[in-house]
Amino acid sequence: MRIRIQISDSEQIEIECDEGVTSLQLLNMCEQCTRLRDKALVALANGEPIDLNRPITGDVTLRFIGFDDEVGRDVYRHTTAHILAHAVKQIFPEAKLGIGPPIENGFYYDFDVPKPFEPHHIEMIERKMRELIESDTPIERIEMSKHEARELFERLGERYKVELIDEMDEDIVSVYRQGEFVDLCRGPHLPSTGWVKAFKLLHSAGAYWRGDERNPMLQRIYGTSFPTHEQLQAYLNQLEEAQKRDHRRLGRELGLFSVEEDIGPGLVLWHPKGAIIRQLIEDMLRVELVERGYQFVYTPHIAKVTLWQTSGHLSWYRENMFAGIEIEGQEYLVRPMNCPFHILIYKSATRSYRDLPMRLAEMGTVYRYERSGTLHGLMRVRGLTQDDAHIFCTPEQVGDEIEGLIELAYHLLGRFGFEQFEVVLSVRDRSHPEKYAGTPEVWELAERELERVLNKLGIEHKRIEGEANFYGPKIDVYLFDAIGRKWQCSTIQLDFNLPERFDLTYIGSDGRGHRPVMIHRAILGSMERFIGILIEHYAGAFPVWLAPIQVSVVPVADRHIEYASSVASELSKHGIRVEVISRSDTVSAKIRECELRKVPYILVCGDREVRSGSVSVRQRGRKDLGEISVADFLRMLIEQIERKNL
RNA sequence: GCUGGUGUAGCUCAGCGGCAGAGCGGGGGAUUUGUAAUCCCCAGGUCGCGGGUUCAAAUCCCGCCGCCAGCUCCA
């Protein structure tokens, strides 16, 4: 039997060996593999991941995968999840196993237990896991017929596993065993429990079996694992860092916004400092959009029930709408979307092809009933303002419009320092044409155009079949923040349904009526979520153009307050948001306060500065940058603000 | 919405059947300070809301509301 081993991208070796040899043995046998040996967690046999201790039965090309690869990480954590389940079964033999997959930064395992886990249980389980790891129990793959596996798990009383087996198509299934613990599992796994070097259980919470709330609730334990304690610690530190950036905490500390019990969950109060940030962003947006041919409109927040019947929202969005209000025998509903209003503006006159594309924009405040458990600070609310717009255009114009929109999204998000994106194109499920509004021809054209534009712009994207809205395909843009977390942001959605329902037309060059295509789009998404993301992205330290207070002037002693005030009023005359810290305290204390409030510039004024008409500049998070004249500082500051420097 | 946790001063939290506390923040005073906390004094509470148990409830029980984590969903 001949085995080729890919040592690196450019280096390959071939060895002749007996059937039944394992990848692990090969690693130990050949000298060239020394470098691979330390990091290998799993082998890829002709691209298929297999256990290192699984016997190889035919000619094959092997690659070895470590923790630096997603596949390797998944195997490592999947095995940790099995160790978790093993420990839980030892402590709670009556626990029934759910599923236990690896996830983005760790793993979880679901258990059906009579009582939810408590913190001291989690510690007990961790201790037991450590024992299992120390025992270095071999992990063994066993293949058996579906029937045998069913009997095995039936006997063990593992009803969830039996349910999974019953739904499998394969005749042969695999089971992994470590000591007395067995689990239905596709694998692969590490060769033995001792391979797991550093892990931590993070928390537990309820989760429905298969994510369906009609099913019983299982108890899920989350954890993570790494090859070294240092890596684990680094990850834990990162979690802590994320917590420090929590926009709910920073929003309160910096006085940006609040959500009050007396008003209602998910309804945001923008305090003066948060409102300034929002206003500056909206102002920028207005300028950019007007430059690109958008026209701003204002529309009401409620409309008669009949409008929502015509738009169809009543039949497909009702569960997200607030209950109606009755006025003079007419029922009005609070709007969950702005589109019908913009449509009626479009419809208010006969439109010619010369009017298209028509781009109507609005900072549109909408209200959506979101289930209470889903609300989260600014990220998920019930009252939100979208940077919404609706573009009415001919089918032929769709491509150009989409191109403009994607460029706009990259441009605008880039101004806030977002550079890494993930783009998802959602198209229809071709096997169920009856689920969709609009003709197959117009879908075909639109999907082709979206794909073409993305390729033209060289934008890497995922294409997901069947994820389109019933009314049209869409492009969603996700962004990654400063610490690598992914957020949904821009959405660009084609709509073939509403133009139909509202019977929208334009007069073409042929003098006849035609149906326009409508594009719904939001670039920042909603002001609430976007600013929530920004708070976390900047960790509350907004760039100077957005900072609610741009400059704090710190007098060294009380006798310098007058000079400090004159500096402040000079800056203020030029539109700078400035404050004087006039309370009598040490310079250090005053500086500390400014730093905690994340003010970008601190100007210290004492005898020296008064004498020379200057200020000593301290930039946020850095030390003293030295003395500079007020005029020079102002010039530099204004330039930074105008350029919207980050 | 569901499961679990949780709710005490503006914030972070202690108190867990027997007089409502601390630190920070706030106000006042002293100090006059040179780059992340000067000192002293003071005010601040329907212990989330409603009901119950008890001689006595922040504390125990029940219901409701909010918040947190997760499931589900999404701008």
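Below, chain A is the first sequence line, B the second, and so on; all start at residue 1.
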Please identify each residue that fulfils ring pair (Phe, Tyr, Trp, His ring centres under 6.0 Å) with A:Phe341, with sequence neighbours left out.
A:Trp308
Which base, if any, makes a Watson-Crick or G-U wobble pair with B:C67, both distances under 3.5 Å?
B:G5
If we ignore hydrogens and angles and just use 3.5 Å, is the side chain of A:Lys161 paired with the main-chain N or O of A:Gly98 as donor and acceptor?
yes
Got a sec, which residues hit side-chain contact (heavy atoms from CB on, under 4.5 Å) with A:Ala275, two or more places apart in sequence or on another chain?
A:Trp270
Heavy-atom contacts under 4.0 Å between residues 239-275 of chain A and RNA chain B, which residues?
A:Arg248, A:Arg252, A:Glu261, A:Pro265
Euclidean distance for P, B:U59 against B:G15 (whole angstrom)
15 Å
Applying salt bridge (charged side-chain N to carboxylate O under 4.0 Å, His left out), which residue pairs with at least one partner in residues 550-566 of chain A are found, sequence neighbours left out?
A:Arg559-A:Asp607
Looking at B:G21, which nucleotide sits across from it as a Watson-Crick or G-U wobble partner, both distances under 3.5 angstrom, or is there none?
B:C13
Check every strand shown and say whether A:Tyr222 touches a base, only sugar-phosphate, or nothing at a heavy-atom separation below 4.0 Å.
sugar-phosphate
When both distances are under 3.5 Å in a Watson-Crick or G-U wobble arrangement, the nucleotide paired with B:U46 is none
According to the ring pair (Phe, Tyr, Trp, His ring centres under 6.0 Å) rule, which pairs have a member within residues 365-390 of chain A, sequence neighbours left out?
A:His247-A:His376, A:His342-A:His390, A:His390-A:His520
A:Phe416 backbone acceptor or donor facing A:Tyr538 side chain under 3.5 Å
yes
Where along residues 591-598 of chain A does a heavy atom fall under 4.0 Å from RNA chain B?
A:Ile591, A:Arg592, A:Glu595, A:Leu596
Considering every strand and a 4.0 Å limit on heavy-atom distances, what is the contact class for A:Asp607: base, sugar-phosphate, or nothing?
base
Separation between the P atoms of B:G45 and B:C40, rounded to whole Å
24 Å
Range on RNA chain B touched by chain A, heavy atoms, distance below 4.0 Å:
B:G1 to B:A75
Should the ring pair A:Tyr410 and A:Phe421 be called parallel, tilted or perpendicular, given that the plane angle runs from 0 to 90° and is split at 30 and 60?
tilted
A:Tyr601 side chain to A:Val553 main-chain N or O, any donor-acceptor pair under 3.5 Å?
no
What's A:Gly206 touching, base or sugar-phosphate or nothing? Going by heavy atoms closer than 4.0 Å.
base
Can you tell me the Watson-Crick or wobble partner of B:C39, both distances under 3.5 angstrom?
B:G29
State the pairing partner of B:U59; accept Watson-Crick or G-U wobble contacts with both distances under 3.5 Å, and report none otherwise.
none
Got a sec, which residues hit ring pair (Phe, Tyr, Trp, His ring centres under 6.0 Å) with A:Phe470, two or more places apart in sequence or on another chain?
A:Trp316
Nearest-angstrom distance, P atom, B:U31 to B:G10:
32 Å
If the P atom of B:A58 is compared with that of B:C47, how far apart are they to the nearest Å?
7 Å
NA contact type, A:Arg618, heavy-atom cut-off 4.0 Å: base, sugar-phosphate, or nothing?
base
Taking atom P in both B:C62 and B:C67, compute the distance separating them and give it to the nearest angstrom.
22 Å
My understanding is that only residues two or more places apart in sequence, or in another chain, count here; which of them pass ring pair (Phe, Tyr, Trp, His ring centres under 6.0 Å) with A:Phe199?
none
Name the nucleic acid region contacted by A:Ala589, choosing base, sugar-phosphate or nothing; use a 4.0 angstrom heavy-atom cut-off, strictly under.
sugar-phosphate
Does A:Glu288 have any side chain to side chain donor-acceptor pair (under 3.5 Å) partners at least two apart in sequence or in another chain, and if so, which?
A:Arg292, A:His411, A:Arg415
May I ask you to list the residues of residues 558-566 of chain A, by number, that have any heavy atom positioned under 4.0 Å from an atom of RNA chain B?
A:Asp558, A:Arg559
Not counting sequence neighbours, list each pair that qualifies as a salt bridge (charged side-chain N to carboxylate O under 4.0 Å, His left out) and has a residue in residues 524-544 of chain A.
A:Arg278-A:Glu528, A:Arg485-A:Glu536
